[in-house]
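Below: one structure, written as structure tokens.
One-based numbering along the sequence shown. When reading the values below, keep in mind they use all heavy atoms of this one structure, side chains included, and skip hydrogens, waters and symmetry mates.
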Amino acid sequence: MTAPLQNDRFLRALRREPVDRTPVWLMRQAGRYLPEYRATRKQAGSFLAMAKNPDLACEVTLQPLRRFDLDAAILFSDILTIPDAMGLGLYFVEGEGPKFERTVRSAEDAARLSVPDMETELRYVMDAVRVIRRELDGKVPLIGFSGSPWTLACYMVEGGGSKDFARIKAMALNDPDTLHRLLSVNADAVVAYLSAQRDAGAQALQVFDTWGGVLSPAMYREFSLPYLQRIADALGRDAATAAGADAGRVPLILFGKGTAAYLEALAATGADAIGVDWLVELGEAVRRTQGRVALQGNLDPATLYGEPEAIVREVRRALDSYRDGNGGSREGHVFNLGHGMSPDMNPDHVAVLVDEVHAYSAR
Ligand code: CP3
């Protein structure tokens with residue numbers, strides 16, 4: 001038996017139901033800015049060893065919740081677990097970010113890929129979800145996540161992070177069939193991965209399309225959006241056909257960076273919420289999507305480098321912008337940053353942000 005949820009603000013906001021105060025969580029809320037995270041990572045030996053150990057993954061998931069009054073937990077893992085399980089060999093070089101031993105650059109490379117088995121190759125992720133749900137004991141809901149097919153493909157083709165995405169854009173231009181084959185396997189894997197996380201106990205699901213915004217509009221509509229649509233369709237259909245008393249719909253959040261131009265299109269996918277970065281005013285975003293989806297965001301993460309007074313001011317500005325665009329109501333807003341936190345951020349500033357979201361939105 002799972003404990004009843006003590007704080008359902010986040011899930012209520014995703015359903016656009018009234019809440020007593022605006023819920024808040026932060027992308028990358030577990031990470032190197034916390035000394036206790038650095039201690040656990042040292043104990044594990046590396047980031048990957050920590051992520052692959054369900055008890056340590058649970059420990060770092062809970063660390064930010066012990067410090068801050070957050071309304072959701074997010075599974076501690078990484079988006080690159082899928083290509084790693086496909087056999088590409090993920091590793092991290094200190095200061096250089098993620099890398100793959102093998103890349104996907106030809107039709108033959110793409111043809112070799114298949115959807116990993118979720119309860120064997122990615123069992124450690126599902127085990128982490130189960131352990132975290134047990135340890136959370138109903139305190140707040142747990143978010144599961146995946147990268148988008150396009151964002152995963154960026155790392156798989158480039159072999160790591162990239163500034164110009166030269167190789168994958170060349171593939172889009174010169175060999176679109178191969179790229180579509182890669183994106184298609186990725187989409188099937190993402191659907192299986194998110195479904196397995198949901199079945200293991202994740203109570204909301206977020207897709208990170210971190211690199212959607214590097215595409216031209218025509219390319220975004222060819223190489224990213226249709227695969228997000230496939231995910232929304234598959235998860236929506238699953239929920240509709242699932243049997244039993246527990247078969248409630250697990251909400252889907254589509255986060256994109258630099259993709260505010262496609263807000264209407266994203267809202268039309270059937271996703272429950274759209275995550276937005278700080279390049280769009282929340283008031284404008286809510287006017288453009290009015291009533292169709294919840295919105296999550298969207299403070300510039302760099303706001304956390306400001307002094308507490310500046311953080312308070314910016315939090316209030318974002319909350320007011322959403323409310324004013326939404327006809328005076330705060331319903332349907334999940335407060336977050338517009339992208340993830342950085343290692344050099346001050347934990348005390350995070351407390352200021354979280355507490356101000358609650359205090360100001362309760363008025
Ligand atoms: O939000 C959370 O607290 C949950 C954990 C989480 C991580 N990665 C942990 C992590 C989530 C949701 C991710 C997603 C992720 N990973 C994305 C999409 C979101 C985004 O930020 O755009 C991307 C693009 C990745 C790929 C990746 N993994 C990068 C670019 C890095 C950083 C490399 C570096 O050295 O800074 C990682 C590693 C990683 N994933 C870290 C964390 C906390 C840092 C690892 C460490 O401890 O050194």
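Looking at Y155 and W211, their side chains do bring a donor and an acceptor atom within 3.5 Å of each other. When only modelled atom types and interatomic distance are considered, T259 and D209 share no side-chain donor-acceptor pair under 3.5 Å. In this model, a donor atom of one side chain and an acceptor atom of the other lie less than 3.5 Å apart for Y193 and T81. For the residue pair T303/E314, the side-chain donor-acceptor check at 3.5 Å is not satisfied. In this structure, a donor-acceptor pair under 3.5 Å is present between the side chains of N326 and Q290. No hydrogens or angles considered: nothing links the side chains of H349 and E307 as a donor-acceptor pair under 3.5 Å. Side-chain contact annotation: D109 with S106, donor-acceptor N/O pair under 3.5 Å present. Side chains of R323 and S361: no donor on one and acceptor on the other come within 3.5 Å. A donor-acceptor contact closer than 3.5 angstrom links the side chains of Q206 and Q296. No side-chain donor from either of H339 and D300 sits under 3.5 Å from a side-chain acceptor of the other.
Rounding to the nearest 0.5 angstrom, the gap separating the CD1 atom in I231 from the CG atom in L254 is 7.5 Å.
R249 and D272 are joined by a salt bridge, as a carboxylate oxygen and a charged side-chain nitrogen come within less than 4.0 angstrom of each other. A salt bridge does not link E309 to R313: none of the charged side-chain nitrogens sits closer than 4.0 Å to a carboxylate oxygen. A salt bridge does not link D277 with K257: none of the charged nitrogens is closer than 4.0 Å to a carboxylate oxygen.
In terms of hydrophobic clustering, with Ile, Leu, Val, Met, Phe, Trp and Tyr side chains grouped at heavy-atom distances under 4.5 Å, L5 and V19 are assigned to different clusters.
Under the 4.5 Å side-chain criterion, counting only non-hydrogen atoms from C-beta, F76 is in contact with M50. Within the 4.5 Å cutoff, the side chain of V350 has no heavy atoms near those of the M345 side chain. Within the 4.5 Å cutoff, the side chain of Y360 has heavy atoms near those of the R330 side chain.
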